Participant: 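Could you have a look at this structure, given as structure tokens, before my questions?
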Amino acid sequence: MVLIVGAGPVGLALAGDLASRGQAVTIVERGDGTIEQPRMDLVGVRTMEFCRRWGIVGAVESSPYNRALAQDNVYVTSLAGYELGRERFPAMNASRPPEQSPQKRERCPQDMFDPILRDWARGFPQVEIRYRHQLVDFTADEQRVVARVLDRDAGKTLEIEAPFLVGCDGASSAVAKTIAGEMHGTPLLSNTTNIIFRAPQLLSLHDKGEAYRFIIVGTEGTWATVVAINGFDRYRMSIVRTPPEGLPREAIEAAIRRAVGLDFAFEVLSVTSWTRRELVASSYGGGRVFIAGDAAHVMSPTGGFGMNTGIGDAVDLSWKLDAVLRGWGAPALLESYAIERRPVAVFNAREASMNFGRMLSPGSNPELCDPTLAGAARRATVGPAFADAMRREWYTLGVHLGYRYDDSPVCWPDGTLAPPQEVAMYVQEARAGARAPHVWLADGRSTLDLFGDGFVLLRLGAGAPAEPIVAALRARGVPVRLVELAGEPAAVAAYASPLVLVRPDGHVAWRGSAMREPDLLADCVRGAAPDAWRTTGELTHAE
Ligand SMILES: Cc1cc2nc3c(=O)[nH]c(=O)nc-3n(C[C@H](O)[C@H](O)[C@H](O)COP(=O)(O)OP(=O)(O)OC[C@H]3O[C@@H](n4cnc5c(N)ncnc54)[C@H](O)[C@@H]3O)c2cc1C
């Protein structure tokens, strides 16, 4: 049994993925599952690929977000004021997946997405979610973890014993503090106040039309955003650079009117003040205790990377825990978790901060809102420059799909040079450590539909010697299937190698035309011989 602390999206994703591999899971969550302030709403394309594997795409697509709402990002002096620029995006029901994926990113706010993950995870009989149960502390030795947990309703403390504990307990993680890792980065980018307000008639009060997000630029520069949080009547206004203690009620109401540009009726539903940070934990744990999600990294929401990075952690850690619990994974497999995932968090957190900097890039422009020729001239300069700068945040396929585990000790490189990771651009390739490419197969499936349970060895070159690799893996108890794809020209082109070994998380472990050291390869990918290729010098088999 794996004990997970925290039933946010990352804890729930980890629980469901572990359960889908047959593992028992207990989650302790100090809250009751109610989400007062939905934070995330962008479910990235890679997360949607995982949702496809988990069988919950339909639930995301039928969530009650307004899928007919155009998803434009609009830059304005106020909603009823001047438009400075706009990046157009179609409504969810009209958008299509990129050619590199069978899925597209989705808009599904946390108060809709978390319940989808929860219902999916709870659908496994071996998953238990204990709400209103708070981790107090824990001890760990080589065999097990013993956690003390407060049952908040009964007022009693109980002990839960498990072979592994994973802290998915968010930005102020008690688990992260206990494992004594330090957080590296910038502890204060800005204080922000988020206000959820209800205004069913808002769309009819201005001439900017439908949008997902308005960024409000005043004479002092960018000061707020207004986001359509359910696509109908609820909005989230974020005011940047507020005092740490937040704003008084009158200031909040005045700010909402200022952002819209006129007096109108609205209802404030909730207010939260929070600190925007860029921090990544120095340690993601080890032995019997790990952290994932916001417990391991916190980043500015600009870009929508936070939860998506955390779900990537969960998917990476899940199959490794399963492998070790089943006995075919060696301890170094778990050590590879931080080696693979930490650089992804560092990259994404940096990019998120730079997005925040770009969002604040319009400085003070005293005449920006003036109905004069000078004002118009200013807007004509500021608007296009801002639109140009912001574009980088809106096109991030490279962030979501292009992360790779180049330095992983459990991947076996092929000697080709690693291209730099791009933000917007993503070229699919089957180098070791990369996400295995998507192409459509003749039977209508995606290649991604082949992955998930155990390893998959793809034979893309007729007669390529796959059997010794399969035999070596099976001899060590590693689950593996051989899949013949030589008759699929699109797959042959995308994978560019006669043999490709894909891990249970859909990342490439090795590719080549033959493997002279199948036993060593099998031991490398299961963590029993980390970095084995270094000792053999056996690198390049790709032809
Ligand atoms: C305004 C805003 C917008 C955002 N938009 C996006 C977006 O569009 N896309 C995106 O990917 N990310 C976004 N993010 C980030 C995203 O919300 C977080 O990265 C994500 O919620 C982290 O998930 P988590 O499960 O790691 O942690 P959390 O969601 O924080 O969940 C942690 C859980 O652990 C519980 N817990 C804590 N301590 C204990 C304890 N001792 N015992 C038991 N339970 C405990 C908490 O109650 C909580 O339920 C946004 C963030 C903000 C602030």
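Quick caveat, the model's predicted, so the values are computed rather than measured. Both ligands and their constituent atoms are indexed starting at 1 by order of listing. All heavy atoms count here, side chains included; hydrogens, waters and symmetry mates do not.
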Participant: Are any of the N/O atoms in Gln134 less than 3.5 Å from those in ligand 1?
Facilitator: no
Participant: Do Asn348 and His297 have side-chain N/O donor and acceptor atoms under 3.5 Å apart?
Facilitator: no
Participant: Using a 4.0 Å heavy-atom cut-off, say whether Leu12 meets ligand 1 through its side chain, its backbone, both or neither.
Facilitator: neither
Participant: Run the salt-bridge test on Asp153 and Arg130 with the 4.0 Å N-O cut-off and return the result as yes or no.
Facilitator: no
Participant: Among protein heavy atoms, which lies nearest atom 12 (N) of ligand 1, and at what distance?
Facilitator: Met307 N, 3.0 Å
Participant: Output the list of atoms in ligand 1 that are nearer than 4.0 Å to some heavy atom of Val10, sorted by atom number.
Facilitator: 23 (O), 24 (P), 25 (O), 26 (O)
Participant: From the options Gly293, Pro9, Ala174, select the one whose nearest heavy atom is closest to atom 23 (O) of ligand 1.
Facilitator: Pro9
Participant: Could you check, using the six-membered ring where one of them is a Trp, whether Tyr426 and Tyr395 have ring centers closer than 6.0 angstrom?
Facilitator: no
Participant: Which atoms form the tightest heavy-atom contact between Glu87 and Arg391, and what is the distance?
Facilitator: OE1-NE, 2.9 Å
Participant: Starting from atom 14 (N) of ligand 1, find the nearest protein heavy-atom neighbour and note its residue, name and distance.
Facilitator: Met40 CB, 3.8 Å
Participant: Specify the protein heavy atom at minimum distance from atom 41 (N) of ligand 1: its residue, its atom name, and the distance to 0.1 Å.
Facilitator: Leu135 O, 3.3 Å
Participant: Please identify which of these residues, Glu182, Met299, Met183, meets the side-chain contact (heavy atoms from CB on, under 4.5 Å) condition with Leu279.
Facilitator: Met183
Participant: Taking the six-membered ring for Trp and the single ring otherwise, decide whether the centroids of Tyr284 and Tyr337 are under 6.0 Å apart.
Facilitator: yes
Participant: Are Asp233 and Arg198 close enough for a salt bridge, meaning some N to O gap below 4.0 Å?
Facilitator: yes
Participant: So is Gly310 close enough to ligand 1, meaning a heavy atom under 4.0 angstrom away?
Facilitator: no
Participant: What atoms of ligand 1 come closer than 4.0 angstrom to any heavy atom of Val5?
Facilitator: 40 (C), 42 (N), 43 (C)
Participant: From atom 18 (C) of ligand 1, work out which of Asp137, Asp114, Asp294, Val43 has a heavy atom at the shortest distance.
Facilitator: Asp294
Participant: How are the rings of Trp120 and Phe124 set relative to one another: parallel (under 30°), tilted (30 to 60°) or perpendicular (over 60°)?
Facilitator: perpendicular
Participant: Which residue and non-hydrogen atom of the protein lie closest to atom 3 (C) of ligand 1, and at what distance in Å?
Facilitator: Arg39 O, 3.2 Å
Participant: Enumerate the atoms of ligand 1 whose separation from the nearest heavy atom of Gln110 is less than 4.0 angstrom.
Facilitator: 21 (O), 29 (O)
Participant: So, is the end of the Arg39 side chain (NZ or CZ) under 6.0 Å from the ring centre of Trp274 and within 45° of the ring's axis?
Facilitator: no
Participant: Among all protein heavy atoms in this structure, tell me which lies nearest to atom 47 (O) of ligand 1, with the distance rounded to 0.1 Å.
Facilitator: Glu29 OE2, 2.6 Å
Participant: Could you tell me whether Leu42 and ligand 1 have an N or O pair separated by under 3.5 Å?
Facilitator: yes
Participant: Could you tell me whether Cys168 approaches ligand 1 through its side chain, its backbone, both or neither, with non-hydrogen atoms closer than 4.0 Å?
Facilitator: backbone
Participant: Considering heavy atoms of the protein only, find what lies nearest to atom 31 (O) of ligand 1 and give residue, atom and distance to 0.1 Å.
Facilitator: Gly8 CA, 3.5 Å
Participant: So for Met299, does at least one of its heavy atoms come nearer than 4.0 angstrom to any atom of ligand 1?
Facilitator: no
Participant: Is a salt bridge present between Arg152 and Glu29, judged by a nitrogen-to-oxygen distance below 4.0 Å?
Facilitator: no
Participant: Where does Asn194 meet ligand 1, judged by heavy-atom distances below 4.0 Å: at the side chain, the backbone, both, or neither?
Facilitator: side chain
Participant: What residue and heavy atom of the protein are closest to atom 44 (N) of ligand 1, and at what distance?
Facilitator: Arg30 N, 3.1 Å
Participant: For residues Tyr403 and His507, establish whether the separation of their ring centroids is below 6.0 Å.
Facilitator: yes
Participant: Measure across Gly304 and Leu42 and return the closest heavy-atom pair with its distance rounded to 0.1 Å.
Facilitator: O-CD2, 3.9 Å
Participant: Nearest to atom 37 (C) of ligand 1, what protein heavy atom do you find, and at what distance?
Facilitator: Asp169 O, 3.2 Å
Participant: Does this structure show an ion pair linking Arg53 with Glu49, if we count only N-O contacts that are shorter than 4.0 Å?
Facilitator: no
Participant: If you apply the rule side-chain contact (heavy atoms from CB on, under 4.5 Å), what do you find for Gln143 with Glu161, and how did you get there?
Facilitator: CA-CA 10 Å; Gln143 268 73 47; Glu161 192 181 315; over 6 Å; no
Participant: List every atom of ligand 1 that sits less than 4.0 Å from any heavy atom of Gly170, numbering the atoms from 1 in the order shown and giving each element.
Facilitator: 27 (O), 30 (O), 32 (C)
Participant: Going by the atom numbers of ligand 1, which of them fall below 4.0 Å from some non-hydrogen atom of Gly306?
Facilitator: 10 (C), 11 (O), 12 (N), 19 (O)
Participant: Go through ligand 1 atom by atom and flag the ones less than 4.0 Å from a non-hydrogen atom of Val28.
Facilitator: 43 (C), 44 (N)
Participant: Any heavy atom of His133 closer to ligand 1 than 4.0 angstrom?
Facilitator: yes
